[in-house]
Amino acid sequence: MFIFSLVFVPTYTLRLLEDSHSNSQDLCEDFRYNGMELPIAEVIIGEKTFNSRNCGEMVPIDEVNKDIPVVKFSQDNETLYLVAMLDPDTPSFRNPHCRHWVHFIFGNVKGKYLAYGKIRGGNIYGEYNPPNPQPGQGIHRFYFFVFKQKARLVNRIQITNRCGFNIDGFMEDFDLQPVAMNMFRSEFQNIVLISDMMVID
């Protein structure tokens with residue numbers, strides 16, 4: 001069994017996810033790999049769809065934390081892909097000591113299935129953990145990255161720690177090539193149900 005756990009080092013330098021970005025609202029961040037800008041994968045969460053027109057959009061958290069995201073992308077039917085959903089702003093943009101937080105990772109999915117948002121025949125390496133920003137943390141960014149695999153990964157890779165996950169180290173260890181991305185932003189939302197409110201005449 002492969003166990004992948006990050007030993008946190010505050011000053012490590014990232015190649016793909018070096019965070020020189022701001023946390024401006026509604027801005028799709030420009031991620032590049034080997035000098036090429038990554039194309040935008042389609043992401044569907046419940047009734048909300050993120051694509052090239054609204055990548056980076058600020059959305060209410062209750063619109064994106066109830067359903068498991070569906071990621072659609074493919075360059076080739078038989079190519080194997082790995083998909084990761086990450087939060088670089090845990091617990092906050094100014095204090096990201098858990099960069100990056102793993103919301104899910106799955107791999108070994110053929111392009112002919114991922115093109116339709118299906119993970120048939122794939123492996124889940126990190127179970128889905130819904131976005132859950134806390135009060136006072138500010139805006140969080142939620143990234144989706146699609147990686148091309150050069151070979152089938154072993155079935156028993158285990159993500160043991162969601163906090164401080166080194167996606168660049170993971171990419172190197174398993175020879176992954178980033179080929180697409182998408183993202184949205186959200187923050188804590190204090191929702192008051194009408195049924196819980198007292199109406200006084």
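Values in this document were obtained by computation on a predicted structure and should not be read as measured data.
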A.B. asks: Does NZ belonging to Lys48 count more than 12 external heavy atoms closer than 6.0 Å?
C.D. replies: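 Check passes, neighbour count above 12.
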
A.B. asks: Would you say the side chains of Asn182 and Glu42 form a donor-acceptor pair under 3.5 Å?
C.D. replies: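 Note: Asn182 and Glu42 side chains miss the donor-acceptor criterion.
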
A.B. asks: What are the two closest heavy atoms between Asn155 and Tyr125, and how far apart are they?
C.D. replies: O-CE2, 3.6 Å

A.B. asks: Between Thr49 and Ile44, is there a donor-acceptor pair closer than 3.5 Å when you use the side chain of the first and the backbone of the second?
C.D. replies: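 Checking the backbone N and O of Ile44 against the side chain of Thr49, no donor-acceptor pair under 3.5 Å is found.
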
A.B. asks: Count the heavy atoms of every other residue, nucleotide or ligand shown that sit under 6.0 Å from CZ of Arg152, and state whether that count exceeds 12.
C.D. replies: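 It does: Arg152 CZ has more than 12 such atoms within range.
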
A.B. asks: Using only atom types and a distance under 3.5 Å, with no angle test, would you say the side chain of His103 pairs donor to acceptor with the backbone of Asn129?
C.D. replies: yes

A.B. asks: Kindly indicate whether the side chain of Pro133, heavy atoms from C-beta on, has any atom under 4.5 Å from the side chain of Phe142.
C.D. replies: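 In contact.
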
A.B. asks: Should Ile119 and Phe144 be regarded as members of a common hydrophobic cluster, given that ILVMFWY residues are connected when their side-chain heavy atoms come within less than 4.5 Å of each other, either directly or indirectly?
C.D. replies: yes

A.B. asks: Please say yes or no: joined through hydrophobic side-chain contacts below 4.5 Å, possibly via intermediate residues, are Phe104 and Ile124 part of one cluster?
C.D. replies: yes

A.B. asks: Classify the ring geometry between Phe31 and Tyr143 as parallel (under 30°), tilted (30 to 60°) or perpendicular (over 60°).
C.D. replies: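 Plane angle over 60°, so perpendicular.
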
A.B. asks: Report the C-alpha separation of Leu114 and Phe106 in whole Å, then their side-chain angles, then the decisive distance to 0.1 Å, and conclude whether the side-chain contact (heavy atoms from CB on, under 4.5 Å) test is met.
C.D. replies: CA-CA 11 Å; Leu114 191 62; Phe106 60 82; 4.2 Å; yes

A.B. asks: Under 3.5 Å, side chain of Asp76 to main-chain N/O of Thr79, donor-acceptor pair present?
C.D. replies: yes

A.B. asks: For Phe73 versus Ala41, what's the shortest heavy-atom pair and its separation?
C.D. replies: CB-CB, 4.0 Å

A.B. asks: Do Val70 and Tyr81 land in one hydrophobic cluster if side-chain heavy atoms of ILVMFWY residues count as linked below 4.5 Å?
C.D. replies: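 Looking at the clustering, Tyr81 is in a separate group from Val70.
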
A.B. asks: Which heavy atom of Val102 sits nearest to which heavy atom of Ile159, and what is that distance?
C.D. replies: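 Closest heavy-atom pair between Val102 and Ile159: CG2-CG2, 4.4 Å.
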
A.B. asks: Can you see which heavy atom on Gly122 is nearest to which on Val109, and at what distance?
C.D. replies: CA-CG2, 3.9 Å

A.B. asks: Applying side-chain contact (heavy atoms from CB on, under 4.5 Å) to Glu63 and Glu47, what does each step give before you reach the verdict?
C.D. replies: CA-CA 8 Å; Glu63 292 186 9; Glu47 297 182 356; over 6 Å; no

A.B. asks: Does Ile139 belong to the same Ile/Leu/Val/Met/Phe/Trp/Tyr cluster as Met85, with side-chain heavy atoms less than 4.5 Å apart forming each link?
C.D. replies: no

A.B. asks: In Å and rounded to the nearest 0.5 Å, what is the CG to CD distance from Asn108 to Gln149?
C.D. replies: 4.5 Å

A.B. asks: Please give me the minimum heavy-atom distance between Pro60 and Ser186, naming the atom from each residue.
C.D. replies: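 Distance-wise, the nearest heavy atoms are C-OG, 3.6 Å.
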
A.B. asks: So does Ile61 get a backbone contact from the side chain of Gln189, meaning a donor-acceptor N/O pair under 3.5 Å?
C.D. replies: yes

A.B. asks: If the threshold is 4.0 Å, N to carboxylate O, is there a salt bridge linking Arg141 and Asp87?
C.D. replies: no

A.B. asks: Mind listing the closest non-hydrogen atom pair of Ile167 and Ala84 along with its distance?
C.D. replies: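 Closest heavy-atom pair between Ile167 and Ala84: CD1-CB, 4.5 Å.
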
A.B. asks: Can Tyr33 be reached from Phe147 by stepping across I, L, V, M, F, W or Y side chains whose heavy atoms are under 4.5 Å apart?
C.D. replies: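 As far as the 4.5 Å side-chain criterion goes, Tyr33 and Phe147 are connected within one cluster.
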
A.B. asks: Could you pull out all residues at least two apart from Asn51 that satisfy side chain to side chain donor-acceptor pair (under 3.5 Å)?
C.D. replies: none

A.B. asks: Does Gln177, at its CD atom, have more than 12 non-hydrogen atoms belonging to other residues, nucleotides or ligands within less than 6.0 Å?
C.D. replies: yes

A.B. asks: Check step by step if side-chain contact (heavy atoms from CB on, under 4.5 Å) holds for Lys110 and Leu80.
C.D. replies: CA-CA 5 Å; Lys110 286 188 176 182; Leu80 294 174; 3.7 Å; yes

A.B. asks: Are there over 12 heavy-atom neighbours, none belonging to Glu37, within less than 6.0 Å of that residue's CD?
C.D. replies: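 Counting neighbours around CD of Glu37, more than 12 heavy atoms of other residues, nucleotides or ligands fall under 6.0 Å, so yes.
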
A.B. asks: Given the rule in the side-chain contact (heavy atoms from CB on, under 4.5 Å) test, do Arg99 and Asp89 qualify, once you have shown the distances and angles that lead to the verdict?
C.D. replies: CA-CA 6 Å; Arg99 180 173 293 163; Asp89 301 321; 3.7 Å; yes

A.B. asks: Would Asn132 and Gln134 count as having a side-chain donor-acceptor pair, cut-off 3.5 Å?
C.D. replies: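 Their side chains do contain a donor-acceptor pair, which is all the 3.5 Å distance test asks for.
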
A.B. asks: Do Ile40 and Met181 have side chains that get closer than 4.5 Å, going by heavy atoms?
C.D. replies: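 Yes, close enough: below the 4.5 Å cut-off.
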
A.B. asks: Within the distance-only criterion (no hydrogens, no angle test), does the side chain of Arg162 pair as donor or acceptor with the backbone N or O of Trp101 below 3.5 angstrom?
C.D. replies: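 No.
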
